[in-house]
Every structure is written in C-alpha cells, then in structure tokens.
Chemist: 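Mind having a look at this structure? Questions to follow.
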Amino acid sequence: MIGLENASVAFGKRTVLDKLNFNVPRGQCMAILGPNGRGKTTALRAMLGFQPLASGSRVAPQVVGYVPQYASASQSYSVREVVVMGRATGLGLFGQPRLGDYAAADSALERVGAERFSGERFDRLSGGERQLVLLARALATGSDVLVLDEPGSALDLANQQRLLVMLDGLRQQRDKAIVFTTHDPNHALAAADTALLMMPDGPALFGPVEEMIAPAPLEALYGVPMRLVEMEAGKGRTRAVLPAFAGRRAA
C-alpha cells in the first residue's frame, strides 16, 4: 500500500497540500489529475519521500518502483543494464548484479514487451521505447508498488495507447498498488480504479474513477465544459471525455 495521511506541504507562505488523505492498496490503481501548479507532482514526491511534509505522514514500502516523467538518454548503457539498475537496492554499496538480478531484468523486459531491444543502447531508443524500459526497471525492483509521473506526457497517441494497455494489464493482475499522474482524464478511464482530483479551490476529491471522471467534477477541476461519450473501440465500446474548448468553429 502507498498513501498520505493528513499530509500538508508548504512552500514559504503558500500551502500546496493541506491535510491530504488517500491510500492505494495492493491490487488497485489510482490516477492523480489537476491543473498546473495545483500539487500533482508535489503529492507524488511526498508519497515517495522526496518532499518533506510540514505535517502528517506517508505510508509506503521501503522500495517503490518509480518511473520518472523524463529520463536522460545521454548515457550509453544497454537496455538490459538500465533495467538491472532497478535491482540496486538489494545489491549493497559495492555489490555486483548476480544471475538472479539479470533474470529478474529479463523477466521485466518480457513483461512489458521490450525484450526485443534488450541489447540495444538506451540512448538510441525512441521516447516510447524508453518509457517501456523505465517501466521494466520499476518492475524489476520487485516492489508491489509502482509510481509513474505523467508517463504519457511525451508520447504520441499510438505509444500512449500502448502504455495504457500495459498499465491496464498490470492493474488487472491485482498484485501491485499503482499510482500515476496525468493531465488527460481519458488515461484515468483507461487504466485506473480510483482518481484523486487536485481541485483548484478547496479540498481534493478522491473516489471511484466512474464518479470522479465525469463532467461535473472535471468541469470544476479544469474550468472547461466536458462531455462523456461512448464510442466503438475494437470489438466493444468504451467511454471517453471530450473538452468543449472555447473558440471552436461552428458546424
């Protein structure tokens, strides 16, 4: 499980988080949404222990599988070496990866469908491929908690779809607590069980994704009219959120 209990964070006189409460148990996936500057990243950093709390507490295991929003592609490690780095916590200060660590890395790469470029250089991969490798590195930690910071922000639509299918597959296995931040409500619909809405005024809202990713709370969150629609998708139907931006051309 991972979460925050009555957590507050302040930067100078500005309170960014005020007595924030939520928890994500093993087997659940939560999406965090909110306007720019409202505290999505601060909440995530507080969960990970990167951001000191003014009050309250965090609940988290000792090791968390973390996927950052951006990763430096300037270093010429192989993909397999990058994923093995996820095993570092169990190696000690001067420890070297063992056969079991490489086996865990290979298993994680296979799990995300990235084993085909295991031997390639990380800095020569596309943005979408690098994101899959970072997800594999997080899985290789062996932690039952995964935290992802806006995993689809730099990806084209095809790679967003690929990543969301992967996240939803991990969610359906029900063996991990998963948290991710996003600007797109459709990402929450695709891969989350619950959603935390960092409201611009007043306390955050937390609840089932079916209740949170709906026109009324999203309009209050972003200040933009929203529509929830159903559409054909593959062999079935799915829901999607559409913003009605001002300035659109009349039909």
Side-chain angles (χ1 to χ4, degrees), residues 2 24 26-34 40-41 43-45 47-48 64-73 79-80 82-83 85-86 104-118 120-196 209 212-213 231 233-236 238-243:
I2 190 168
V24 185
R26 184 177 180 182
Q28 292 285 301
C29 179
M30 184 186 78
I32 304 177
L33 300 94
K40 294 188 306 298
T41 298
L44 183 145
R45 287 174 56 82
M47 276 190 298
L48 293 169
V64 174
Y66 173 50
V67 181
Q69 184 175 352
Y70 300 108
S72 171
V79 165
R80 196 181 191 218
V82 169
V83 178
M85 291 176 189
D106 293 339
S107 176
L109 283 166
E110 183 178 2
R111 193 170 182 182
V112 303
E115 70 278 9
R116 64 190 183 281
F117 41 80
S118 173
E120 297 183 22
R121 281 174 45 169
F122 182 75
D123 59 349
R124 293 180 178 174
L125 300 181
S126 69
E129 290 169 339
R130 288 199 298 270
Q131 203 68 19
L132 288 177
V133 172
L134 294 177
L135 179 56
R137 185 179 67 180
L139 290 172
T141 64
S143 176
D144 61 4
V145 174
L146 294 178
V147 176
L148 304 92
D149 187 8
E150 295 189 29
S153 64
L155 304 183
D156 61 31
L157 293 179
N159 277 312
Q160 286 183 47
Q161 165 76 2
R162 186 178 183 185
L163 179 70
L164 290 168
V165 168
M166 186 68 57
L167 275 180
D168 189 47
L170 292 171
R171 177 184 71 90
Q172 292 186 41
Q173 292 177 22
R174 301 301 181 189
D175 62 349
K176 296 186 183 298
I178 304 172
V179 180
F180 66 93
T181 57
T182 181
H183 280 293
D184 191 337
N186 291 301
H187 292 179
L189 284 176
D193 300 293
T194 58
L196 179 70
V209 72
M212 297 294 100
I213 308 302
M231 55 191 295
K235 297 181 180 179
T238 189
R239 295 175 300 155
V241 176
L242 301 178

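These figures come from a predicted structure and were not determined experimentally.
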Chemist: Only pairs at least two apart or in different chains count here, so list each salt bridge (charged side-chain N to carboxylate O under 4.0 Å, His left out) that has a residue in residues 151-173.
Modeler: Asp168-Arg171, Arg171-Asp193
Chemist: In chain order, what residues pass the ring-ring contact (aromatic ring centres under 6.0 Å, His included) check against Phe117, with sequence neighbours excluded?
Modeler: none
Chemist: What distance do Gln131 atom CD and Leu155 atom CG have between them, rounded to the nearest 0.5 Å?
Modeler: 5.5 Å
Chemist: For Met212, give me all partners under side chain to side chain contact (heavy atoms under 4.5 Å, CB included), at least two apart in sequence or on another chain.
Modeler: Ala195, Leu197, Leu205
Chemist: Scan the side chains in residues 109-116 for donor-acceptor partners under 3.5 Å anywhere in the protein, sequence neighbours excluded, and list what turns up.
Modeler:
from   : atom 1 : to     : atom 2 : distance (Å)
Arg111 : NH2    : Gln173 : OE1    : 2.3
Arg116 : NH1    : Gly113 : O      : 2.3

Chemist: Given side chain to side chain contact (heavy atoms under 4.5 Å, CB included), test Leu135 with Leu170 step by step and report yes or no.
Modeler: CA-CA 11 Å; Leu135 179 56; Leu170 292 171; 4.2 Å; yes
Chemist: Give the minimum heavy-atom separation between Arg174 and Gly27, together with the two atoms involved.
Modeler: NH1-O, 2.7 Å
Chemist: Have a look at Leu148 and tell me which of Thr181, Val179, Leu167 forms a side-chain contact (heavy atoms from CB on, under 4.5 Å) with it.
Modeler: Leu167
Chemist: I'd like to check the side chain to side chain donor-acceptor pair (under 3.5 Å) partners of Ser107; sequence neighbours left out, ordered by chain and number.
Modeler: none
Chemist: If I compare all heavy atoms of Leu189 with all of Ala240, which pair ends up nearest, and what's the gap?
Modeler: CD1-CA, 4.1 Å
Chemist: Looking at Lys40 and Ile32, would you say the former's side chain and the latter's main chain have a donor-acceptor pair under 3.5 Å?
Modeler: no
Chemist: Not counting sequence neighbours, which residues clear side chain to side chain donor-acceptor pair (under 3.5 Å) with Thr238? List them please.
Modeler: none
Chemist: Restricting to side chain to side chain donor-acceptor pair (under 3.5 Å), what partner residues turn up for Gln160, sequence neighbours left out?
Modeler: His187
Chemist: Mind checking the CG-CD spacing from Leu132 to Glu129? Nearest 0.5 Å is all I need.
Modeler: 8.0 Å
Chemist: I'd like to know if the side chain of Arg80 reaches the main chain of Ser118, judged simply by a donor and an acceptor atom lying under 3.5 Å from each other, with no hydrogens or angles considered.
Modeler: no
Chemist: Under the rule for side chain to side chain contact (heavy atoms under 4.5 Å, CB included), what residues qualify as partners of Ala140, not counting sequence neighbours?
Modeler: Val83, Arg87, Ala108
Chemist: For Thr141, check side chain to side chain contact (heavy atoms under 4.5 Å, CB included) against everything at least two apart and list the hits.
Modeler: Val63, Ser143
Chemist: How close do Gln28 and Thr194 get, counting heavy atoms only, and between which atoms?
Modeler: OE1-CG2, 4.2 Å
Chemist: Got a sec, which pairs hit salt bridge (charged side-chain N to carboxylate O under 4.0 Å, His left out) with one end in residues 139-153, sequence neighbours left out?
Modeler: none
Chemist: List the steps, then state whether side chain to side chain contact (heavy atoms under 4.5 Å, CB included) holds for Val67 with Leu146.
Modeler: CA-CA 8 Å; Val67 181; Leu146 294 178; 5.8 Å; no
Chemist: Walk me through it: do Leu134 and Arg137 pass the test side chain to side chain contact (heavy atoms under 4.5 Å, CB included)?
Modeler: CA-CA 5 Å; Leu134 294 177; Arg137 185 179 67 180; 3.5 Å; yes
